[in-house]
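Data block below; observations after.
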Amino acid sequence: MHEGSIAQGVLDVAARALASRPAARRVTRINLVIGVLAGIDGECLRFYLQELSRDTPVFGAAVEIASRSATLTCRSCGAEQAYDGAGDFALHCSRCGGENELAGGDELYVESVEVEDEQDQGDRGDPQR
């Protein structure tokens, strides 16, 4: 269960994004990319993001998670195939029988953070303004 520490890292990134815009009020969306081999449970990560962000300008932000496949590349013929995380991946190339090399699929990063600033709030006729 390392999702708690990962969630804290994501919240740190969101807080820096918020701080970089002087008129920003709150974070509205966090877009994450998680590889199929990263070993991250997306729903568990969402839970920690929700819980750890209470009483912060990030609380209530939508969390979008895009999954990325890994790529198997044959060291002999260069053939590539995607691995989506389901089942076993092929150690050997289906075309020539050569040894496959696994690339990617273990990434985890914040692709973007969307914020709402004071101007956005006023445009929607917020009664608190």
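- When side chains are defined from C-beta on, L45 does not count as touching F47, because their heavy atoms never get closer than 4.5 Å.
- At least one side-chain heavy atom of V10 sits less than 4.5 Å from a side-chain heavy atom of L49.
- Taking every heavy atom of both residues into account, T73 and G78 meet most closely at CG2-O, 4.0 Å.
- The NE2 atom of H2 sits 9.0 Å away from the SG atom of C44 when rounded to the nearest 0.5 Å.
- You'll find the side chain of L37 reaches within 4.5 Å of the side chain of Y83, heavy atoms only.
- For F59, the CZ atom sits in a packed shell: over 12 heavy atoms of surrounding residues, nucleotides or ligands are nearer than 6.0 Å.
- Residue E3 holds its CD atom at 12.0 Å from CG of L52, rounded to the nearest 0.5 Å.
- Taking 4.5 Å as the limit, some side-chain heavy atom of V113 sits within range of a side-chain heavy atom of V115.
- The nearest pair of heavy atoms linking P22 to S20 is CD-O, 3.6 Å.
- Residues L32 and I40 are not in side-chain contact: their nearest non-hydrogen atoms beyond the backbone lie 4.5 Å or more apart.
- Residue L11 holds its CG atom at 11.5 Å from CG of L18, rounded to the nearest 0.5 Å.
- Summarising the geometry, atom CD belonging to E116 is positioned 12.5 Å from atom CZ belonging to R29; distances are rounded to the nearest 0.5 Å.
- Clustering ILVMFWY residues whenever any of their side-chain heavy atoms sit less than 4.5 angstrom apart, transitively, puts L108 in a cluster other than the one holding V36.
- Side chain of T28 to backbone of E114: a donor-acceptor contact under 3.5 angstrom is found.
- At least one donor-acceptor pair under 3.5 Å links the side chain of E107 to the backbone N or O of G105.
- The shortest non-hydrogen separation linking A61 to V27 is CB-O, 3.4 Å.
- Shown are R26, R21, R25; of these, the side chain to side chain donor-acceptor pair (under 3.5 Å) with D117 is made only by R21.
- No side-chain donor-acceptor contact under 3.5 Å links R68 to the backbone of V33.
- Within the 4.5 Å cutoff, no side-chain heavy atoms of S76 are placed close to those of C93.
- V58 and I65 end up in the same hydrophobic cluster when Ile, Leu, Val, Met, Phe, Trp and Tyr side chains are linked at under 4.5 Å.
- A donor-acceptor contact shorter than 3.5 Å links the side chain of N100 to the backbone of A90.
- Between the CZ atom of F89 and the CD atom of Q81 there is a distance of 10.5 Å, given to the nearest 0.5 Å.
- Taking CZ of R46 as the reference point, atom CD of E64 lies at 6.5 Å (rounded to 0.5 Å).
- Looking only at side-chain heavy atoms (C-beta outward), C74 and R95 stay at 4.5 Å or farther from each other.
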